[in-house]
Amino acid sequence: MDFYSQVDADIKAAMLAKDRLRLQALRGIKKEFIEGKTAPGSNGELTDEAAMKILVKMAKQRRESARIYQEQNRPELAQTELDECAVIEAYLPKALSDEELTEELKKIIAQVGASSPADMGKVMGVATKALAGRADGRAISAKVRELLA
């Protein structure tokens, strides 16, 4: 089952369970998926890869909003954002641990043949595609910089 169908089925289940928070988050996901389907350049279909990018972006936005709300001393709004983020992250693959990230990046560095910090761009291009949804871009960048230093 593709992401779009799964979200559709989960919306129905949330409606039946009267789970307002989950329903709100799922409707937001569906809205973004529909926008992705109808965006210029898309052929009216949403691939799982494109859906994954949308979900990663949405989760990142929710975490950033929660951080801002906490800085502004608005814990109730921050908690709502974090709860929505948890719903979104349920559709993403399990995040890599620090050790797993290091191992994956070592493989990519060997594959690309990078040996110095000047090769960071080549490594990042491959790594961000290979680890999409499983690791944050900042974490990948920091780890690549550390491994190439």
Non-neighbouring partners of [X] that pass salt bridge (charged side-chain N to carboxylate O under 4.0 Å, His left out), sequence neighbours left out:
X: Glu35; value: Lys31
X: Glu76; value: Arg74
X: Glu89; value: Arg63
X: Arg67; value: Glu64, Glu71

So [Y] and [X], do their side chains get closer than 4.5 Å, heavy atoms only?
X: Tyr4; Y: Asp48; value: no
X: Met52; Y: Glu49; value: no
X: Leu82; Y: Arg62; value: no
X: Glu45; Y: Lys37; value: no
X: Ile29; Y: Phe3; value: no

Between Gln72 and Tyr69 (side chain of the first, backbone of the second, donor and acceptor by atom type, cut-off under 3.5 Å), is there such a pair? no

Whether the side chain of Thr128 engages the backbone of Met124 through a donor-acceptor N/O pair (distance < 3.5 Å, no angle test) should be reported. yes

Closest approach of [X] and [Y], non-hydrogen atoms and distance?
X: Ile108; Y: Ala130; result: CD1-CB, 4.1 Å
X: Leu105; Y: Ala127; result: CD2-CB, 3.7 Å
X: Cys85; Y: Ala59; result: SG-O, 3.6 Å

Separation of [Y] [atom2] from [X] [atom1] (nearest 0.5 Å):
X: Met120; Y: Leu147; atom1: CE; atom2: CG; answer: 10.0 Å
X: Glu99; Y: Glu104; atom1: CD; atom2: CD; answer: 13.0 Å
X: Glu103; Y: Ser97; atom1: CD; atom2: OG; answer: 9.5 Å
X: Asp10; Y: Gln6; atom1: CG; atom2: CD; answer: 4.5 Å
X: Leu148; Y: Ile109; atom1: CG; atom2: CD1; answer: 4.5 Å
X: Ile140; Y: Leu96; atom1: CD1; atom2: CG; answer: 8.0 Å

Evaluate the side-chain hydrogen bond (donor to acceptor under 3.5 Å, both in side chains) criterion for residues Ser5 and Asp2: first the C-alpha distance (whole Å), next the side-chain angles of each, then the deciding distance (0.1 Å), finally the verdict. CA-CA 6 Å; Ser5 302; Asp2 65 336; 2.5 Å; yes

Dump the intermediate steps for side chain to side chain contact (heavy atoms under 4.5 Å, CB included) on Tyr91 and Ile54, then the final yes or no. CA-CA 11 Å; Tyr91 293 95; Ile54 290 170; over 6 Å; no

Hey, can you pull the donor-acceptor pairs under 3.5 Å for the side chains in residues 14-25, sequence neighbours left out?
from, atom 1, to, atom 2, distance (Å)
Asp19, OD1, Arg22, N, 3.4
Gln24, NE2, Glu84, OE2, 3.0

In one Ile/Leu/Val/Met/Phe/Trp/Tyr side-chain cluster, 4.5 Å: Leu101, Leu92: no

Would a single hydrophobic cluster contain both Ile34 and Val56, if residues Ile, Leu, Val, Met, Phe, Trp and Tyr are joined by side-chain heavy-atom contacts under 4.5 Å?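 They do share one cluster, since a chain of ILVMFWY contacts under 4.5 Å joins Val56 to Ile34.
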
My understanding is that only residues two or more places apart in sequence, or in another chain, count here; which of them pass side-chain contact (heavy atoms from CB on, under 4.5 Å) with Thr38? none

